[in-house]
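We count residues from 1, following the sequence as given.
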Amino acid sequence: MPTINDVMEMAEALESASVVAAPDRCVAVRNRNSKCRLCVDACIADAIEVGNNELKVSNGACVACGACVAVCPTGALISLDPMAEDLAVGIARSMRAAGEGRAVFACARMAARNIGDPDKYAAVPCLGRMVEEDILDLAANGATEVVLVDGTCKTCKYRATGPAIDATVATARTLLDAQGCAMPVTRVSEFPSDIVGDAMKARGAARRGFFTSATSMAKDVAMTAAEKAIADALHQNQKNKMATLRERLGVGKTGRLPQFEPERNFRLLDAMDALGESVEPVIDTRRFGSVSIDPEECTGCGMCVMFCPTGALRHADQEEERPADKPKPVLASLAPDEDEDPGYRAVEFSAADCVQCRLCADSCLQGCVSVSSAVETAELFDFEPRPLQIRRPGKRPRLFDRRR
């Protein structure tokens, strides 16, 4: 017979999750010196806790606004309500129904008023869930306008996400302007007149949506219960609690942390490339970064390279960690050439891979690494990384050296 603790654990496990965490991607988990707390600052419900090499999301406190997902530079927070694939399907359906290439998004509160035709817009819990790549994907696929409808209600529980929504729109406009795309992105308080539809149709769609979600929830409950029973039988929960940080992150024998591809950056670059050649020499956004290193202050410790989550910074001789399909750039090797200063060596920096998490600067022991939000578009689309000079580390003296 289940105890009270069993019931409480099951209730907690079955708690509806709108956002899930991928801690191995979080820079504050990878290095406690990281100053990044963007998700914590963006969360309007105090549902996110970052510290002591841990990232936690309280599903009970989370209001599913999605603002944390939009601001996280490394994708350590993933939206489940809606998932990216579900949002894409909703966008495609609404654009076909609305016609003229216009994409309309509405927050849940506006959708609940049953004013707009549900077939002509895509609904999200809050417009804070919207990210720049969604908007640029629409432009790349022929959209003529993007309209965000949120009502700007002062009584809305999501009202504090307003600045985050404005930041997303501003970044999207900057990237569109850089590619010479004039597609307007507007934020309004009411549905466009041609989106307003039959109220009975809207109520029927909402009712069907409720029963669909209820069926899905029942399946999720059954699956979660089965997963919890298996986990308890294998004592997986206890094993995870006992694992060290190195084991959780999968640190190899070399001491380097595992790296991952910045998928959101790639989506942005693909969309920007589809829009044509860049017309601005420099773009200044929150989505890409440019790294510089002062070689005179650098001691060659390599902390910036070790902790870079996406591989935007890597040693020029780091061949074993390079994907097989990525050609090796022509850069200085670890062994100095005749014309090269033997006190320095080269590292590679790729602006396309930089997510501006600033962990390289935060982990630098000498404070000689700086990250700028201004990036040259030519470098952004360049397949060859930019070489940076750092000091070649000297030999460390032995603690007990009898020859001294």
Does [X] reach the main-chain N or O of [Y] with its side chain, forming a donor-acceptor pair under 3.5 Å?
X    : Y    : result
S18  : L80  : no
S34  : C36  : yes
Q179 : G276 : yes
T186 : V147 : no
T168 : A164 : yes
R173 : V185 : yes
S373 : R286 : no
N265 : C354 : yes
D353 : G311 : no
N31  : N33  : yes

Would R287 and T171 count as a side-chain hydrogen bond (donor to acceptor under 3.5 Å, both in side chains) if you check the C-alpha gap in whole Å, the side-chain angles of each, and the deciding distance to 0.1 Å? CA-CA 8 Å; R287 294 302 303 274; T171 302; over 6 Å; no

Between [Y] and [X], is there a salt bridge with N-O shorter than 4.0 Å?
X    : Y    : answer
R32  : D362 : no
R109 : D150 : no
R386 : E379 : yes
R267 : D134 : yes

Taking it one step at a time, do Q356 and V371 satisfy side-chain contact (heavy atoms from CB on, under 4.5 Å)? CA-CA 7 Å; Q356 204 184 139; V371 182; 4.1 Å; yes

Identify the heavy atoms of [X] and [Y] that sit nearest to each other, and give their distance.
X    : Y    : value
C62  : A47  : N-CB, 3.7 Å
R264 : V69  : NH1-O, 3.1 Å
V29  : L55  : CG2-N, 3.7 Å
M183 : E145 : CG-N, 3.7 Å
P163 : A160 : CD-O, 3.4 Å
Q389 : A346 : NE2-CB, 4.1 Å

Take atom CD in E277; do more than 12 heavy atoms of anything else shown fall under 6.0 Å from it?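 For E277, atom CD is not crowded (no more than 12 foreign heavy atoms under 6.0 Å).
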
So, taking the atom named [atom1] in [X] and the one named [atom2] in [Y], what distance separates them when rounded to the nearest 0.5 Å?
X    : Y    : atom1 : atom2 : value
C39  : R37  : SG    : CZ    : 8.0 Å
C107 : R129 : SG    : CZ    : 14.5 Å
F105 : L127 : CZ    : CG    : 9.0 Å
L268 : E132 : CG    : CD    : 6.5 Å
R314 : Q259 : CZ    : CD    : 5.0 Å
L175 : E133 : CG    : CD    : 10.0 Å

[X] side chain near [Y] side chain, heavy-atom distance below 4.5 Å:
X    : Y    : value
C368 : C298 : yes
F307 : S363 : yes
R187 : D166 : yes
T377 : V282 : no
C72  : T74  : yes
I165 : M130 : no
L380 : L269 : yes
I48  : V50  : yes

Test Y121 against F191 for side-chain contact (heavy atoms from CB on, under 4.5 Å), laying out the working first. CA-CA 9 Å; Y121 68 87; F191 281 108; 3.7 Å; yes

Could you check D24 against R30 for salt bridge (charged side-chain N to carboxylate O under 4.0 Å, His left out), going step by step and ending with a plain yes or no? CA-CA 7 Å; D24 60 324; R30 296 167 72 92; over 6 Å; no

Scan side-chain atoms only and decide if S290 and S372 contain a donor-acceptor pair under the 3.5 Å cut-off.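 No pair is found: no donor N or O on one side chain lies under 3.5 Å from an acceptor on the other.
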
Would you check, one step at a time, whether the test side-chain contact (heavy atoms from CB on, under 4.5 Å) holds for S370 with S292? CA-CA 5 Å; S370 58; S292 59; 2.6 Å; yes

Check the pair S278, F381 against side-chain contact (heavy atoms from CB on, under 4.5 Å), reporting the backbone distance first and the verdict last. CA-CA 9 Å; S278 300; F381 289 96; 3.6 Å; yes

